[in-house]
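Quantities reported herein were computed from a predicted structural model and do not represent experimental measurements. For the numbers below, each heavy atom of this structure counts, side chains included, while hydrogens, waters and symmetry mates do not.
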Amino acid sequence: MGKMEIYENESFSGNRCLADKKDVTIRNCTFDGSSGGENALLRSSRLVVENVLIDQKGVFWNSSKLKITTAEFAKRAEMALWYSDHLNVSDASIDCDKVLRECSHIDLNKCGIVSNEFGWFNSFINVMNTKVEGDYFMLKSENMAFRNTSATGSSAYQYVKNATFENCKIIGDNMFWHAENVLIKDCEIKGDSIGWFSDRILMINCRISGRNPFCNCKNLQMSGCTIVGTGIAFENSEVEADLEGSLESIVNPAAGVIKVPEVKEVVMDSKNPRCRIQTLTENY
């Protein structure tokens, strides 16, 4: 590594104006896209970026080993982090769409994110103490860990693989569709049509509310969870569940065992059902 070059209290507006930079600190600077400039730091590596305003499209493309702190990503900063790796972003405010795509080895901490289509096709991601608002969050990403994080918006975590969620709050319809190998622990989840077509979701001590959860699932496991306001639950799903509280309705589960203290309605159309349902007073 060479001597660290420093840019401080400057404004950059041109196309690729700092492209291919290495071993650089950028502090108290602005990246301005009002005149059409893009990709200011294309193919950069080993950057320390502190207290910057980013209002230019595609600033960090094909970049590596970035440490970004106290940054503001404004409306024009969409597509800011694409095709990059080893990214550490903390205390950032992100208010633009499609920010993170096809990146790997990412750490996000104490960020506020308002962004649609954030985080598509990424791998090896750690997210902590972060609040997210936006639709289609983290589509088709894998090898992820989320802690103390909230996400609000439609269709979050669809097609994700190999992910863990602890002490998180997730609000929105159609989340976790087609998800595979996911652990969700001590989380609050609100939304309709949760987890459809998923495989190998394990939920522990979660609070779940919303209509028609967990339909067409394979290898669903639940322990110590409560589910309220369900309408139809577990339709055509393979499930092993030991639940707390009361369920409104269980309809045609495909296989497994569901234990719940009380269920108001059970629909089993098959004459030879492969799923057993056990309550405090009845077995189905």
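Cluster membership check: L18 does not share its hydrophobic cluster with L42, using side-chain heavy-atom separations under 4.5 Å among Ile, Leu, Val, Met, Phe, Trp and Tyr. Under a hydrophobic clustering in which Ile, Leu, Val, Met, Phe, Trp and Tyr are joined whenever their side-chain heavy atoms come within less than 4.5 Å, directly or via other members, I227 and V266 fall into the same cluster. A single hydrophobic cluster is seen to contain both V59 and V24, as judged by linkage of ILVMFWY side chains at heavy-atom distances under 4.5 Å, directly or through other members. In the hydrophobic cluster analysis, where Ile, Leu, Val, Met, Phe, Trp and Tyr join through side-chain heavy atoms closer than 4.5 angstrom, W120 is grouped apart from I94. Under the 4.5 Å side-chain heavy-atom criterion for Ile, Leu, Val, Met, Phe, Trp and Tyr, L139 and F176 are members of distinct hydrophobic clusters.
Heavy-atom minimum distance, M203 versus I208: CE-CD1, 3.7 Å. Nearest heavy atoms, N28 versus V52: N-CG1, 4.3 Å. Between M175 and I189, the shortest heavy-atom contact is SD-CG2, 3.3 Å. Closest heavy-atom contact between S84 and N62: OG-N, 3.4 Å. Residues L81 and C103 come closest through the heavy atom pair O-SG, 3.4 Å. The minimum heavy-atom distance between I54 and A77, with the atom names listed, is O-CB, 3.3 Å.
Of the possible donor and acceptor atoms, one in the side chain of S63 sits under 3.5 Å from a partner among the backbone N and O of L41. A donor-acceptor contact shorter than 3.5 Å links the side chain of T279 to the backbone of T281. Q278 places no side-chain N or O within donor-acceptor distance of the main-chain N or O of I258, the cut-off being under 3.5 Å. A donor-acceptor contact shorter than 3.5 Å is absent between the side chain of N252 and the backbone of E235. Between the side chain of N236 and the backbone N or O of A254 there is no donor-acceptor pair closer than 3.5 Å. Under the 3.5 Å distance criterion, the side-chain polar atoms of S155 are left unmatched by any main-chain donor or acceptor of Y136. The main-chain N or O of F31 is never found under 3.5 Å from a side-chain atom of D55 such that the two would form a donor-acceptor pair. Here the side chain of W82 pairs a donor or acceptor atom with the backbone of K98 at under 3.5 angstrom. Looking at T130, its side chain never comes within 3.5 Å of a backbone N or O of V127 through a donor-acceptor pair. Put simply, the side chain of D186 never gets that close to the backbone of N167: no donor and acceptor are under 3.5 Å apart.
Residues V257 and K259 have side chains in contact (heavy-atom distance under 4.5 Å, counting atoms from C-beta outward). Looking at heavy atoms from C-beta onward, V132 lies out of side-chain contact with T152 at the 4.5 angstrom threshold. Using a 4.5 Å heavy-atom threshold, the side chains of E265 and I250 count as separate. For the pair S193 and D173, the minimum side-chain heavy-atom distance is 4.5 Å or more.
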task = Check the pair L87, K65 against side chain to side chain contact (heavy atoms under 4.5 Å, CB included), reporting the backbone distance first and the verdict last.
result = CA-CA 6 Å; L87 312 175; K65 299 179 181 177; over 6 Å; no

request  = Any chance you could lay out the side chain to side chain contact (heavy atoms under 4.5 Å, CB included) test for R101 and E117, step after step, and finish with the verdict?
outcome  = CA-CA 9 Å; R101 189 165 296 188; E117 301 182 19; 3.5 Å; yes

task = Could you give me the CA-CA distance, side-chain angles and deciding distance for S64 and D85, then say whether side-chain hydrogen bond (donor to acceptor under 3.5 Å, both in side chains) is met?
result = CA-CA 5 Å; S64 181; D85 63 85; 2.8 Å; yes

query = Would R200 and E180 satisfy salt bridge (Lys or Arg N to Asp or Glu O under 4.0 Å), going step by step from the backbone distance to the final call?
reply = CA-CA 6 Å; R200 287 170 291 145; E180 294 184 25; 3.5 Å; yes

key: Residue pair M79, W61: steps toward the side chain to side chain contact (heavy atoms under 4.5 Å, CB included) verdict   = CA-CA 8 Å; M79 303 163 63; W61 275 35; 3.5 Å; yes

task = Tell me, with the steps shown, if F60 and V49 meet side chain to side chain contact (heavy atoms under 4.5 Å, CB included).
result = CA-CA 11 Å; F60 304 101; V49 181; 4.3 Å; yes

task = Give the intermediate values and the outcome of ring pair (Phe, Tyr, Trp, His ring centres under 6.0 Å) for residues F165 and Y157.
result = CA-CA 11 Å; F165 298 81; Y157 308 115; 4.7 Å; yes

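F197 and W177 have perpendicular rings, their planes meeting at more than 60° on a 0 to 90° scale where under 30° would count as parallel. Taking the six-membered ring where the residue is Trp, F234 and F214 present parallel rings, their angle staying beneath 30° rather than reaching 60°. A parallel orientation is assigned to the rings of H105 and H86, their planes being inclined by less than 30° (bins at 30° and 60°).
Not a single salt bridge (Lys or Arg N to Asp or Glu O under 4.0 Å) links D91 to another residue, sequence neighbours left out. The salt bridge (Lys or Arg N to Asp or Glu O under 4.0 Å) test applied to K75 returns D95, not counting sequence neighbours.
Side-chain atoms of S34 and D32 include a donor-acceptor pair closer than 3.5 Å. No side-chain donor-acceptor contact under 3.5 Å links S104 and S123.
Note on R274 versus E238: no salt bridge recorded, every NZ/NE/NH1/NH2 to OD/OE distance being 4.0 Å or above. Ion pair R76/E78 not flagged as a salt bridge, since none of the NZ, NE, NH1 or NH2 atoms sits closer than 4.0 Å to an Asp/Glu carboxylate oxygen. A salt bridge between D199 and K218 is absent, with no side-chain N of the basic residue lying under 4.0 Å from a carboxylate O of the acidic one. In this structure, E248 does not pair ionically with K264, as no charged nitrogen and carboxylate oxygen lie closer than 4.0 Å.
Atom CZ of F12 is surrounded by more than 12 heavy atoms from other residues, nucleotides or ligands within 6.0 Å. Atom OH of Y159 sits in a sparse spot, with 12 or fewer heavy atoms from other residues, nucleotides or ligands closer than 6.0 Å.
With respect to E5, the salt bridge (Lys or Arg N to Asp or Glu O under 4.0 Å) criterion is satisfied by exactly one of K22, K21, R46: K21. Considering N129, N126, N148 in turn, N129 is the only one that fulfils the side chain to side chain donor-acceptor pair (under 3.5 Å) rule with N109.
To the nearest 0.5 Å, atoms CG (L108) and OG (S90) are separated by 9.5 Å.
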